[in-house]
Amino acid sequence: MSSGALQPIRGMSDITAPEIFLWQQLESTARKVLSAYGITELRTPIVEQTAVFLRSLGDTTDVVQKEMYRFEDRGGRDLALRPEGTAGIIRHIAGAGQEAQDARVYYIGPMFRAERPAAGRRRQFHQLGVEAMGAASPAADVEMIALQAHLLESWGIRNFVMQVNTRGVGEDHAAVAEGLRDALKPHLSELCEDCQRRFEENPLRIVDCKNPQCREIVSGIPAVTSFMSQESRDYLDEVLQLLQHLEIPAVANPTLVRGLDYYAHTVWEVTHSGLGAQDALSGGGRYALKLGRGAYEGVGFAIGIERIVAVLMGQGIDPATLAQPPRVWLVAQGEAAVLENMILMQSLRLRGISAMMDLRGRSMKAQLRAANKAGCPFVVIRGDQEMEQGTFQLKDMQEGSQTELAMPELLERLLART
RNA sequence: GUGGGUGUAGCUCAGCUGGUUAGAGCGUCAGGUUGUGGUCCUGAAUGUCGCGGGUUCGAGUCCCGUCACUCACCCCA
C-alpha cells in the first residue's frame, strides 16, 4: 500500500496463507489422481531458448508475438520465460531417447505472459498440464478428457461445462479458413470491426465471436466441420461415442475454437460460470508440432490453477479451515521454564508432534491467547510450581480441563492422540 | 497495447457542495485477574488520505500528470 515499499510487479503476486493451504491441497490431490493414470511428473526449466516456443507454438500467434517475456542473457542468447508448458515438454522429448516417444508426463508450475491483468488473468499464472505422446487415437484423447474430469471432480469443482470439438487434421486448417471466408464473404460488412480484421488473419475466430450480430451470421453458415475431411469428422464422432460410453459429461460444441496453432483433431475446453470474462478452467487437445528434425504428435491439456482456486473460493471453501494448527503450545513462566520448554519442544518436534511456544517472554495470559488464536488443541504449562515439582499441566483447550502430569505420562498423552 | 472504475489505519470502509487537532468496525497490543485462552469491560498504538505538481486564504475533497490495483477488449489458462 505504501508507495515506498517494493512490491511484486504487475500481474504477479505472492501466494500466502491461508490461500496457500488450498493450493497445497489441490496439488497433493492431483498427484494422487495422476499416479492412478500412470503419469509421472516432468520438471522442465522455466527459461528456454526462444526458438523452442517460436517453433512449437507457431511464430504468428499472439502468445509468441506480443506476450512473451523475452530477453537476451549475458552470452547474447535469445531466451524467454515459458508462456505455456507443452513446448518445453516436447523439447525434452525431442532430445531424449526413443523410449521418450511414449512419454506420459505432467507438469505443474508458473507460466508467464505479458498481458494486461484482468479477472482470472495474471502475468505469472500457474498451470497443471498433462501430455501423452505416442498413441494417436480417439481413445487416447478420451483418456485425457476423462482424466481432466476426474481431476476437477476430485477437487470438488461443481457445475463445470466440458465442450469438445475438432480442429481437423493439419490439411484441414487451410480448407476451413477458405470455406469460412467463402461463406462469410457476403456478410463481411455486417461483421463487427474485430471480425472484419479476423476475416483475413484468422477467420476461425469469427466463429466464437461474442458479438450478437456476428453470432447470428455464424449460425447461418455451414458448421466448421463441414469444411473438413471425412477422416476428421469420423475421428470426432468416435471421440464423442467413447465419451458417452465412459459417461464423461462432455458435450459437442461445433463453435468451440482454441487458439494455438499446433492443435489438430480433438480440442476441448472446460468453462465455469462462476468466473469473469475469462471463464475457461482448462483446455486441451491433440496437437502435431515440429521441433528440430522431428515431428511430434500428442494429446494434452492444461488447467489454470488460479481459476480453480477462484471457483472453489466461490463455492464457499474457506482455506483457513485447511490450516494445520500446532498440536501443542508450550507455556512457560520464568527463564528456567523457557529453557526447559525449548528442550521439550525440540524433542516433541523430533517425534513428529508439532509444537510452538512464545519466544518473546510475554505474560502467561498472552501466551494462552496466542495458543488459542493458533487453534492448538493442547497447551502444556510450566510455571514455578511445576518447576519445583518436576511436573507439567496439560490443558485441553476445547474442554478447558487440565491435569498435572510427570514427563513420561505427558509424552504418552501427547503421542497417543497423534 | 486500448478503454472504464478505484486508491483514506494491518483488513473492510465512512468522510455531505473544499473549512479548525482525519473517523468507525474488525484485527493487534496492554490492563481488568502479579498462574490460565475463547465471552465481557477498559485503554493504547498505528495514517507523508498512493505519489508529484497546480488552483485556493485553506485540498482527503477540485484540476493535470504519474504509479498501482481492478474490470473489460485484442488474445488466452
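Proteins come first, then strands; the chains are lettered A, B, ... in the order of their sequence lines, and each starts at number 1.
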Discussion item. Any base atoms under 4.0 Å from A/G120, or only sugar-phosphate, or nothing? Heavy atoms, all strands.
Written reply: base

Discussion item. Can you measure A/D14 atom CG to B/G10 atom P for me and round it to whole angstrom units?
Written reply: 18 Å

Item to complete: Looking at every strand, decide which applies to A/A371 at a 4.0 Å heavy-atom threshold: base, sugar-phosphate, or nothing.
Response: nothing

Discussion item. Just to be sure I understand the rule, does A/L281 reach a base, reach only the sugar-phosphate, or reach nothing, if contact means heavy atoms closer than 4.0 Å?
Written reply: sugar-phosphate

Response to the item:
Quick note, side-chain hydrogen bond (donor to acceptor under 3.5 Å, both in side chains) partners involving residues 216-227 of chain A, not counting sequence neighbours, are none

Worksheet item: Is the base of B/A77 touched by the side chain of A/R122 through a donor-acceptor pair closer than 3.5 angstrom?
Response: no

Discussion item. What I want to check is whether an N or O donor and acceptor connect the side chain of A/K365 with the base of B/G32 at under 3.5 Å.
Written reply: yes

Worksheet item: Looking only at atom C1', what distance separates B/C62 and B/G19, rounded to whole Å?
Response: 14 Å

Discussion item. Can you identify which nucleotide, out of B/U36, B/C75, B/A77, has its nearest atom closest to the A/R198 side chain?
Written reply: B/C75

Fill in: Gap separating the OH atom of A/Y107 from the CD atom of A/E84, nearest 0.5 angstrom
6.0 Å

Worksheet entry | Short N-O contact, A/R121 and A/E115, less than 4.0 angstrom | yes

Worksheet item: Can you tell me if A/E386 and A/Q393 form a side-chain donor-acceptor pair at under 3.5 Å?
Response: yes

Item to complete: Measure distances between side-chain N and O atoms of A/Q402 and base N and O atoms of B/U36, and say whether any donor-acceptor pair falls under 3.5 Å.
Response: yes

Worksheet entry | C1' spacing across the pair B/G7 / B/U66, given as an integer number of angstrom | 13 Å

Fill in: Donor-acceptor pair (no angle test) under 3.5 Å: A/N372 side chain, B/G38 base
no

Worksheet item: Does RNA chain B take part in any stems of at least 3 consecutive Watson-Crick or G-U pairs (both distances under 3.5 Å), and if so, which ones?
Response: B:1-7 with B:67-73, B:10-13 with B:23-26, B:28-32 with B:40-44, B:50-54 with B:62-66

Discussion item. Using heavy-atom distances to pick each residue's nearest nucleotide on RNA chain B, tell me which of A/R360 and A/Q393 is more 5'.
Written reply: A/R360

Item to complete: Using distance alone, with no hydrogens and no angle criterion, decide if A/S282 and A/Q148 have a side-chain donor and acceptor under 3.5 Å apart.
Response: yes

Worksheet item: C1' atom, B/U36 versus B/G31: distance in rounded Å?
Response: 16 Å

Worksheet item: Roughly, in whole Å, what's the span from CZ in A/F392 to C1' in B/U36?
Response: 17 Å

Worksheet item: Base, sugar-phosphate, or nothing: which does A/E84 touch, judged by heavy atoms less than 4.0 Å apart?
Response: nothing

Item to complete: Could you tell me how the ring of A/H126 sits relative to the ring of A/W23: parallel (under 30°), tilted (30 to 60°) or perpendicular (over 60°)?
Response: perpendicular

Worksheet, complete the sentence: Of B/U70, B/C75, B/A72, the nucleotide closest to the side chain of A/R10 is B/U70

Worksheet entry | Nearest-neighbour nucleotide for the A/L368 side chain, B/A30, B/G37, B/G35 considered | B/G37

Fill in: Comparing A/E306 and A/E386 on RNA chain B - which has the more 5′ nearest nucleotide
A/E386

Worksheet, complete the sentence: From CG of A/D358 across to P of B/U36 the rounded distance in Å is 16 Å

Worksheet item: Between B/A30 atom C1' and A/Q367 atom CD, what is the distance in whole Å?
Response: 15 Å

Discussion item. By nearest atom, which of the nucleotides B/A77, B/U36, B/A30 is closest to the A/I381 side chain?
Written reply: B/U36

Practice prompt. Nearest 0.5 Å please: distance from the CZ atom of A/F378 over to the NZ atom of A/K395.
Written response: 13.0 Å

Item to complete: Counting heavy atoms from C-beta on, name the nucleotide in B/U36, B/G35, B/A77 closest to the side chain of A/Q127.
Response: B/A77

Worksheet, complete the sentence: Among the nucleotides B/U2, B/G37, B/C75, whichever has the atom closest to the side chain of A/R116 is B/U2

Worksheet item: So does A/Q398 reach the base of B/G37 with its side chain, donor to acceptor, closer than 3.5 Å?
Response: no

Item to complete: Give the rounded distance in Å between these two atoms: CD of A/E404 and C1' of B/U36.
Response: 14 Å

Discussion item. Determine whether a donor-acceptor pair (one donor, one acceptor, N or O, separation below 3.5 Å) exists between the side chain of A/E115 and the base of B/A77.
Written reply: yes

Item to complete: Using the C1' atoms only, state how far B/G10 lies from B/G47, rounded to an integer number of Å.
Response: 12 Å

Fill in: Gap between atoms CD1 and C1', on A/I9 and B/C67 respectively (whole Å)
15 Å

Worksheet item: Taking atom P in both B/C67 and B/G15, what distance in whole Å separates the two?
Response: 29 Å

Practice prompt. Please report, rounded to the nearest Å, how far the P atom of B/U28 is from the CZ atom of A/R362.
Written response: 10 Å

Worksheet item: Expressed in whole Å, how much space separates the P atoms belonging to B/A24 and B/A14?
Response: 16 Å

Worksheet item: Rounded to whole angstroms, how far apart are CG on A/D279 and C1' on B/C75?
Response: 14 Å

Worksheet item: Side chains of A/T86 and A/E131: is there a donor and an acceptor less than 3.5 Å apart?
Response: yes

Fill in: A/D78 and A/R70 ion-paired at < 4.0 Å
yes

Worksheet entry | Listed nucleotide nearest any side-chain atom of A/A119, set B/U28, B/C71, B/A77 | B/C71

Worksheet item: Below 4.0 angstrom, N of the basic side chain to O of the carboxylate: do A/R31 and A/E27 qualify?
Response: yes

Worksheet item: Where the side chain of A/A277 is concerned, which of B/A77, B/U2, B/C73 is the nearest nucleotide?
Response: B/C73

Fill in: No-H, no-angle donor-acceptor pair, A/K395 side chain to B/U36 base, under 3.5 Å
yes

Worksheet item: Counting side-chain heavy atoms from CB outward, which of B/G37, B/G35, B/A77 is closest to A/F125?
Response: B/A77

Worksheet item: Between B/G37, B/C71, B/C74, which nucleotide has the shortest distance from any of its atoms to the side chain of A/A118?
Response: B/C71

Discussion item. For the C1' atoms, the ones on B/U21 and on B/C64, what distance do you get once it is rounded to whole angstrom?
Written reply: 31 Å

Discussion item. Between B/A68 and B/A30, how far apart are the two P atoms, rounded to whole Å?
Written reply: 39 Å

Worksheet item: Taking 4.0 angstrom as the limit, do A/R286 and A/E297 come out as a salt bridge?
Response: yes

